[in-house]
A.B. asks: 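This structure is in structure tokens; I'll ask about it shortly.
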Amino acid sequence: MKKTNPVDGKFQVVELPYGQGDLAPVISAETIGFHYGKHLQTYVDNLNKALPGSEYEGMALEDIVCKSQGGVFNNAGQILNHTLYFTQFAAPKEGNVPVGRLAEAIDKQFGSFDAFRAQFEQQGTGLFGSGWVWLSADAEGVLHITQETNASNPLTKGLTPLLTFDVWEHAYYLDYQNRRAAHLAALWQIVDWNVIESRF
Ligand code: MN
């Protein structure tokens with residue numbers, strides 16, 4: 001995958017490819033305000049404070065995620081996870097389905113998009129505590145659905161991350177309270193499959 005390099009020693013919050021209210025009602029402007037504006041900003045600020053003088057100074061974000069542990073890993077992992085997360089969405093669309101080679105791979109491997117979707121939602125709903133559910137590809141182009149706890153990313157297992165749903169409560173609590181499954185089921189309306197396909 002493409003590497004994210006620091007600029008003047010600092011990482012930045014990724015730009016949103018949509019307006020803060022454009023994902024409503026699936027994700028409200030208020031949730032984007034806290035999740036993107038506060039949570040992600042804090043991870044970026046914390047990592048930028050930890051880097052000067054450390055062995056990770058000047059490294060690409062993806063390399064820090066693969067090589068670090070502890071606080072550096074937690075913040076770098078969450079920056080990478082949220083960068084992939086926030087750049088994979090677009091305004092809600094009815095009948096929103098995968099496109100291109102990825103659509104073919106999903107059908108071939110999971111039987112149908114509906115079967116894939118059910119398995120992905122089940123993994124997200126079943127993840128205990130905070131974390132992420134991922135669709136990734138290995139070097140042979142085989143697709144994998146995995147659960148990652150806390151700040152982890154499938155990149156650390158040699159997989160290429162394609163799509164992710166954030167199951168930390170901060171991702172859905174304002175809009176869905178404890179109804180994680182309802183939130184995950186709604187997210188399919190805003191997945192930008194052209195972006196996901198371009199990562200494949
Ligand atoms: Mn989050």
Side-chain angles (χ1 to χ4, degrees), residues 1 4 10-50 61-62 64-66 68-92 120-136 145-157 159-192 195-196 199:
M1 68 186 289
T4 311
K10 287 185 186 301
F11 291 101
Q12 281 166 9
V13 172
V14 69
E15 248 181 73
L16 290 179
Y18 42 79
Q20 296 212 359
D22 289 355
L23 306 182
V26 177
I27 300 177
S28 68
E30 191 187 17
T31 289
I32 296 285
F34 281 99
H35 194 187
Y36 171 82
K38 307 281 186 200
H39 288 278
L40 176 54
Q41 184 69 57
T42 302
Y43 297 129
V44 169
D45 292 344
N46 287 345
L47 184 65
N48 286 337
K49 267 184 249 162
L61 182 63
E62 292 76 7
I64 299 174
V65 168
C66 288
S68 64
Q69 287 120 31
V72 169
F73 174 78
N74 288 337
N75 287 294
Q78 285 293 72
I79 297 168
L80 180 60
N81 296 345
H82 286 95
T83 298
L84 291 163
Y85 176 81
F86 282 117
T87 56
Q88 69 182 4
F89 293 134
F120 197 85
E121 284 179 34
Q122 188 262 323
Q123 292 288 308
T125 307
L127 195 161
F128 184 78
S130 296
W132 303 76
V133 57
W134 291 89
L135 174 68
S136 323
I145 298 175
T146 56
Q147 295 175 330
E148 298 285 343
T149 55
N150 299 320
S152 194
N153 185 295
L155 195 62
T156 62
K157 302 176 174 82
L159 297 167
T160 301
L162 305 176
L163 167 74
T164 190
F165 287 179
D166 186 346
V167 301
W168 284 60
E169 284 185 344
H170 67 218
Y172 59 87
Y173 218 82
L174 290 174
D175 299 331
Y176 298 82
Q177 296 76 49
N178 62 323
R179 293 174 292 120
R180 185 196 283 184
H183 170 67
L184 298 183
L187 284 176
W188 300 112
Q189 297 171 50
I190 58 168
V191 172
D192 187 336
V195 171
I196 308 304
R199 295 172 181 170

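Please read all numbers here as calculations on a predicted model, not as lab measurements. Atoms within each ligand, like the ligands themselves, are counted from 1 in listed order. For the single chain, residues carry numbers from 1 onward in sequence order.
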A.B. asks: What residues form a ring pair (Phe, Tyr, Trp, His ring centres under 6.0 Å) with Tyr172, not counting sequence neighbours?
C.D. replies: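 In terms of ring pair (Phe, Tyr, Trp, His ring centres under 6.0 Å), with neighbours along the sequence ignored, Tyr172 is linked to His183.
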A.B. asks: Ignoring water, what protein N, O or S atoms are under 2.8 Å from the Mn ion (ligand 1)?
C.D. replies: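 Metal shell, protein only: His35 NE2, His82 NE2, Asp166 OD2, His170 NE2.
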A.B. asks: Backbone N or O of Ser152 within a donor-acceptor pair of the Asn81 side chain at under 3.5 Å?
C.D. replies: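 Confirmed, Asn81 side chain pairs with Ser152 backbone.
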A.B. asks: For Glu121, what residues pass the salt bridge (charged side-chain N to carboxylate O under 4.0 Å, His left out) criterion, not counting sequence neighbours?
C.D. replies: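 Glu121 satisfies salt bridge (charged side-chain N to carboxylate O under 4.0 Å, His left out) with no residue once adjacent residues are dropped.
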A.B. asks: Is it true that a side-chain atom of Arg180 and a backbone atom of Gly124 form a donor plus acceptor pair closer than 3.5 Å?
C.D. replies: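 Confirmed, Arg180 side chain pairs with Gly124 backbone.
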A.B. asks: Sequence neighbours excluded, which residues qualify as salt bridge (charged side-chain N to carboxylate O under 4.0 Å, His left out) partners of Lys49?
C.D. replies: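 Lys49 satisfies salt bridge (charged side-chain N to carboxylate O under 4.0 Å, His left out) with no other residue.
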A.B. asks: Between Lys157 and Glu148, does any NZ, NE, NH1 or NH2 come within less than 4.0 Å of an OD or OE carboxylate oxygen?
C.D. replies: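 Salt bridge present between Glu148 and Lys157.
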